[in-house]
Amino acid sequence: MNAIIDAYEISRFMEEKNVLLVFTGEFDHRIISVLLKNIKGKLNPDDITGNTVKRVYHVLVESIENIGRHATQDKTANSQSIFMVCRDDSKYTVISGNPILNSNIPALKEKLDKVMNLSLEELKQMYRDQIQSGKTTENGAGLGIIDIAIKTGNSIQYDFFPLTNETSFYQFQTEISI
Amino acid sequence: MDSLIISPTEDSPEVKFTTTSNRFVISGESRPENASKFYTPVIEWIKKFEDVLYWRKNERGDKSQIIFEFKLDYFNSTSAKYILDIIFSVKKLVEQGYNVKIEWHYDKRDDDMLDAGTEFSEMVELPFEFIPH
């Protein structure tokens with residue numbers, strides 16, 4: 001058989017990286033709900049504490065909704081977006097990736113860098129300032145990234161890979177210790 | 001004034017604001033597709049409820065305590081903004097001299113939900129009653 005893609009390779013990768021869930025495609029509200037329902041069943045409360053389960057779920061929702069937000073803003077090849085959750089003995093890793101317009105990168109990068117350099121106390125203050133500032137749009141209250149940073153002990157990592165002259169691929173990753 | 005009753009869905013909470021009751025409940029999971037559309041009527045309802053409280057107090061001498069009960073499993077960051085608005089609306093009723101309080105119910109394993117309630121309470125400067133389950 002001349003398989004274009006080696007399914008065995010993919011399944012081995014999934015097993016090696018302990019991938020609980022991976023999805024690529026369009027992230028609309030309905031799909032997000034289906035994915036969250038699926039992953040909720042896989043978060044096992046028997047071997048991790050109740051608070052960790054809630055915390056992982058919280059970070060999952062914010063991360064996956066971020067993809068949806070970028071998709072609404074950009075409309076560029078939303079189908080290339082990816083969401084992945086892995087687990088090993090010490091942590092959950094949540095990875096999202098989506099195309100983004102290059103013109104939107106500077107503002108996003110500035111926000112991410114600012115958040116990543118703050119202590120937990122400073123993050124909480126930033127959250128308070130932001131939630132009370134009244135700057136809410138349907139694309140979110142601007143709280144998502146701050147919230148993720150607080151809940152993950154500021155474990156955010158990100159990168160941008162050039163796709164075309166106008167677009168790049170935005171990868172965003174966080175970890176939650178078990 | 002009509003009661004405001006909203007059935008729960010997988011992404012939005014149950015709202016049980018029965019005008020004749022003394023206990024108003026918001027419970028469940030909150031990450032609605034359109035948070036503004038979902039929460040605006042809730043916030044408007046609380047503002048209008050002041051008239052009912054005025055009537056109860058001044059026409060009927062009824063000063064029974066009113067409780068707003070938050071019993072949320074999860075809310076996303078967009079909902080947080082609207083929950084804060086709801087709490088501010090409740091605070092206004094307290095400032096008008098009505099006997100109103102907030103109960104913040106949470107899963108006792110969920111430290112983050114307790115923290116979230118504590119944050120809201122401090123931001124609005126209104127003491128909550130915290131009730132673990």
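In what follows, every chain begins at residue 1, and chains take the letters A, B, ... in the order their sequences are listed. This one's a predicted model, so the numbers in the text were calculated from it and none came from an experiment.
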Next on the checklist: Is there a side-chain contact between A:His58 and B:Asp112 in this structure, where contact means two heavy atoms from C-beta onward sitting under 4.5 Å apart?
Outcome noted: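 They are not in side-chain contact.
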Treating Ile, Leu, Val, Met, Phe, Trp and Tyr as nodes and any side-chain heavy-atom pair under 4.5 angstrom as an edge, say whether [X] and [Y] lie in one connected cluster.
X        : Y        : answer
A:Phe172 : A:Val85  : yes
B:Ile131 : B:Phe24  : no
A:Leu21  : A:Val34  : no
A:Leu143 : A:Ile145 : yes

Checklist entry - For the candidates A:Asp147, A:Ile146, A:Val61, which exhibits the highest count of non-hydrogen atom pairs separated by less than 4.5 Å from chain B? => result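 Ranked by heavy-atom pairs under 4.5 Å with chain B, first place is A:Val61.
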Checklist entry - Should A:Lys40 and B:Glu29 count as an ion pair when the cut-off is N to O under 4.0 Å? => result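 A salt bridge links A:Lys40 with B:Glu29.
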Checklist entry - For A:Leu36, is it the side chain, the backbone, both or neither that has a heavy atom under 4.5 Å from a heavy atom of chain B? => result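 Looking at A:Leu36, just its side chain touches chain B.
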From [X] [atom1] over to [Y] [atom2], what is the distance, rounded to the nearest 0.5 angstrom?
X        : Y        : atom1 : atom2 : result
B:Glu33  : A:Arg30  : CD    : CZ    : 11.0 Å
A:Lys54  : B:Asp73  : NZ    : CG    : 4.5 Å
A:Ile131 : B:Met123 : CD1   : CE    : 5.0 Å
A:Ser33  : B:Arg31  : OG    : CZ    : 4.0 Å
A:Ile150 : B:Ser77  : CD1   : OG    : 10.5 Å
B:Asn76  : A:Ile64  : CG    : CD1   : 12.5 Å

Next on the checklist: Please determine whether side chain to side chain donor-acceptor pair (under 3.5 Å) holds for the pair B:Asp11 and A:His29, giving the CA-CA distance in whole Å, both sets of side-chain angles, and the decisive distance to 0.1 Å.
Outcome noted: CA-CA 10 Å; B:Asp11 62 14; A:His29 191 76; 2.5 Å; yes
[X] [atom1]: over 12 foreign heavy atoms closer than 6.0 Å:
X        : atom1 : answer
B:Lys91  : NZ    : yes
A:Asp89  : CG    : no
A:Lys37  : NZ    : no
B:Glu125 : CD    : no
A:Phe161 : CZ    : yes

Next on the checklist: Between B:Tyr106 and chain A, with a heavy-atom cut-off of 4.5 Å, which part of the residue counts as in contact: side chain, backbone, both or neither?
Outcome noted: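 Contact with chain A involves no heavy atom of B:Tyr106 at all.
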Checklist entry - Backbone N or O of B:Asp111 within a donor-acceptor pair of the A:Asn51 side chain at under 3.5 Å? => result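 Yes, the answer is positive, given that a donor and an acceptor are paired below the 3.5 Å cut-off.
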Checklist entry - Hey, which of B:Glu119, B:Lys108, B:Met113 has the most heavy atom pairs under 4.5 Å with chain A? => result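 Counting heavy-atom pairs under 4.5 Å, the top option is B:Glu119.
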